[in-house]
Amino acid sequence: MDKKDLITLVLPCYNEEDALPYLWEALNKISNQMSYVDFEFLFINNCSSDNTLKMMKEYADKDKRVKYISFSRNFGKEGSMYAGLSNASGDYVAILDADLQDPPELLIPMYDAVTKEGYDCAAAFRTTRKGEPWLRSQLAKVFYKLENKISDTDVVNGARDFRLMSRKVVDAILMLGERERFSKGIFGWVGFETKWIPFENVQRVAGKSKLPMSFAFKYALKGIVAFSTMPLEVASGLGIFSCLLAIIYAIYVILKQVITHEAVAGYPSIICLILFMGGILLLMMGVMGRYIAQIYIEDKKRPIYIVKDTNVDDCK
Ligand code: UDP
Ligand code: MG
C-alpha cells in the first residue's frame, strides 16, 4: 500500500483552555473523515497563563499524533505560526486557529485543491465579517485597499491565516526570516498558485479574542511598512509640492510689489507657511522613524520565538 500523505496542522494557542475541548473533538472528527491521510497536530502554546499547556500534554499522552511546543513568553500569533512551520514534518502544512473560527471541514476541499487540482496552496477567506465590530470591518476595508494599492503584494480582504500549503510553499515562507512578521503579506509575496475558498464568518467557539483592535491597527501599520516603501516616496512628493507652493507664492509677492507698490501683509502668510512646513516635516520624520525602527529591530537578529518545553525531537 502507498504511504499516506502527512498533513501537519499548526495550532497557535494563547489561553485557549475553554476552546481546546471543542478543538480536540473537531480534530478527531476531521481526521476520521480524512482517513486517507495521516495527521500531525502541532500545538503551539504562546506562554498561556491558564491550563492550555497542561491540556496539550494530556492530549499528547493519549495520542502520539500530538506534538506541542511551549514558548518562554508570548511571541504573538506570528511567532506561533513561524515556530509551527519551522517544526512541521508534514508533506502539507495547514495553520488553524484554536477557537474554531477556521472551519476544519474546509481542509477537505483544501487538500483536494493541492493534490488533485494542481494548486500549491489553498486558503480560506470570509465572504462576510458578520459579528465583527463595525469600525473594525471598515478600518480593515480601508487598510486592504491601501495595502494593495501601494505594495506589489496582494493581500486579500477577509483572508485568514487559515491555509493548507505544500512543502515547497512552506520552505519558501521559511526563507523569509524577518523578525517583524506580517504573514498575510508574506503568503502573497512568495507567490505560487493559491485556490481561494470562501466561507461565512464564524464566531469563536469559546473564550475571548486575544487580538484587540489596537493590535489590529499596529499590525496593519506593520504590514504597510514591511511591504511598501511608498510612504517614504510620499515624503519626497510632499517636499516637492510644498517647494512649488513656496515658489508660486514668492512670484505672487514680487509681482504684487512691482505692480501695485502695496506693502505685502506678511505676518499671517508666514505663520501659515511655517505651520504647513513644520507639519509636513514632523509627519515625514515620523514615517522615516518607523522604517529606521524596522531596520534596527531586524539588525539585532533576535530569535522569532524561544522554546521552553516541547515533545518535538530536534525542535528548531
Ligand atoms: N494567539 C496566539 N498568540 C497570541 C494571540 C493569539 O497564539 O498572542 C492565537 C489564539 O489562541 C488563536 C489565534 O491566535 O488560536 C487567533 O487569535 P484570536 O482568536 O484571539 O484572534 P481573532 O480571531 O479575534 O482575530
Ligand atoms: Mg479568533
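Bear in mind that the values here come from a model prediction, so they are computed numbers and not experimental data. As the structure lists them, so they are numbered: ligands from 1, and atoms in each ligand from 1.
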Fill in: Salt bridge present between Asp38 and Lys3 (N-O < 4.0 angstrom)
no
Worksheet item: Counting each atom of ligand 1 from 1 as listed, which ones have a heavy atom of Ala98 under 4.0 Å away?
Response: 15 (O)
Practice prompt. Using a strict cut-off of 4.0 Å, indicate which atoms of ligand 1 neighbour a heavy atom of Asn74.
Written response: 8 (O)
Worksheet entry | Contacting atoms of ligand 1, where contact means under 4.0 angstrom from a heavy atom of Lys210 | 5 (C), 6 (C), 18 (P), 20 (O)
Worksheet item: Between Ser80 and ligand 1, which residue portion shows a heavy-atom distance shorter than 4.0 Å: side chain, backbone, both, or neither?
Response: side chain
Worksheet item: If you check every N/O/S atom of Asp99, which is the one nearest the Mg ion (ligand 2)?
Response: OD2
Worksheet item: Within Asp97, is some N, O or S atom less than 2.8 Å away from the Mg ion (ligand 2)?
Response: no
Practice prompt. Just need the protein heavy atom nearest to atom 14 (O) of ligand 1, so name the residue and atom and give the distance.
Written response: Lys77 CD, 3.3 Å
Worksheet item: Do you see a donor-acceptor pair shorter than 3.5 Å between the side chains of Thr52 and Asn45?
Response: no
Discussion item. My understanding is that we take every heavy atom of each candidate and find the minimum distance to atom 18 (P) of ligand 1. Doing that for Met213, Glu78, Arg204, which one comes out nearest?
Written reply: Arg204
Item to complete: Return yes when atom CD of Glu25 has more than 12 non-hydrogen atoms of other residues, nucleotides or ligands closer than 6.0 Å, and no otherwise.
Response: no
Practice prompt. Give the residue and atom name of whichever protein heavy atom lies nearest to atom 17 (O) of ligand 1, and the separation in Å to one decimal.
Written response: Leu211 CD1, 3.7 Å
Discussion item. Testing the 3.5 Å rule here: is there a donor-acceptor pair between the side chains of Glu147 and Ser228?
Written reply: no
Item to complete: Report yes if some N/O of Lys208 lies less than 3.5 Å from some N/O of ligand 1; otherwise report no.
Response: no
Worksheet, complete the sentence: Note: ligand 1 atoms sitting under 4.0 Å from heavy atoms of Cys13 are 7 (O), 11 (O)
Fill in: Under 3.5 Å donor-acceptor, Arg179 side chain and Ile297 backbone
no
Practice prompt. If the plane angle is over 60° it's perpendicular, under 30° parallel, otherwise tilted; pick one for Tyr111 and Tyr92.
Written response: perpendicular
Discussion item. Once you measure the plane-to-plane angle for Trp24 and Tyr59, does it fall in the parallel (<30°), tilted (30-60°) or perpendicular (>60°) bin?
Written reply: parallel
Fill in: Part of Ile44 within contact of ligand 1 (heavy atoms, under 4.0 Å)
neither
Worksheet, complete the sentence: In this structure, atom 15 (O) of ligand 1 is nearest to the protein heavy atom Pro12 O, 2.8 Å
Practice prompt. Could you tell me the residue and atom name of the protein heavy atom closest to atom 22 (P) of ligand 1, and the distance to it rounded to 0.1 Å?
Written response: Ser209 OG, 3.7 Å
Worksheet item: Closer than 2.8 Å to the Mg ion (ligand 2), do we get an N, O or S atom from Gln101, backbone or side chain?
Response: yes
Item to complete: Look at the rings of Phe75 and Phe71 and say which category their plane angle falls in: under 30° parallel, 30 to 60° tilted, over 60° perpendicular.
Response: perpendicular
Worksheet item: Backbone, side chain, both or neither: what part of Glu16 comes under 4.0 angstrom of ligand 1, heavy atoms only?
Response: side chain
Discussion item. Salt bridge check, Asp171 against Arg167: does any charged N sit closer than 4.0 Å to a carboxylate O?
Written reply: yes
Worksheet item: Using a distance-only test with no angle check, is there a side-chain donor-acceptor pair under 3.5 angstrom linking Ser31 and Arg65?
Response: yes
Item to complete: List the closest protein heavy-atom neighbour of atom 3 (N) of ligand 1: residue, atom name, distance to the nearest 0.1 Å.
Response: Asn46 ND2, 3.0 Å
Worksheet item: Charged N to carboxylate O under 4.0 angstrom, Glu16 versus Lys210?
Response: yes
Discussion item. I need the nearest protein heavy-atom contact for atom 1 (N) of ligand 1: residue, atom name and distance, please.
Written reply: Tyr14 CB, 3.9 Å
Fill in: Distance from atom 23 (O) of ligand 1 to nearest protein heavy atom, with residue and atom
Gln101 OE1, 2.7 Å
Discussion item. For Glu193, is the CD atom crowded, meaning more than 12 foreign heavy atoms sit under 6.0 Å from it?
Written reply: no
Practice prompt. Give the contacting part of Asp97 toward ligand 1: side chain, backbone, both or neither, where contact means a heavy-atom distance below 4.0 Å.
Written response: both
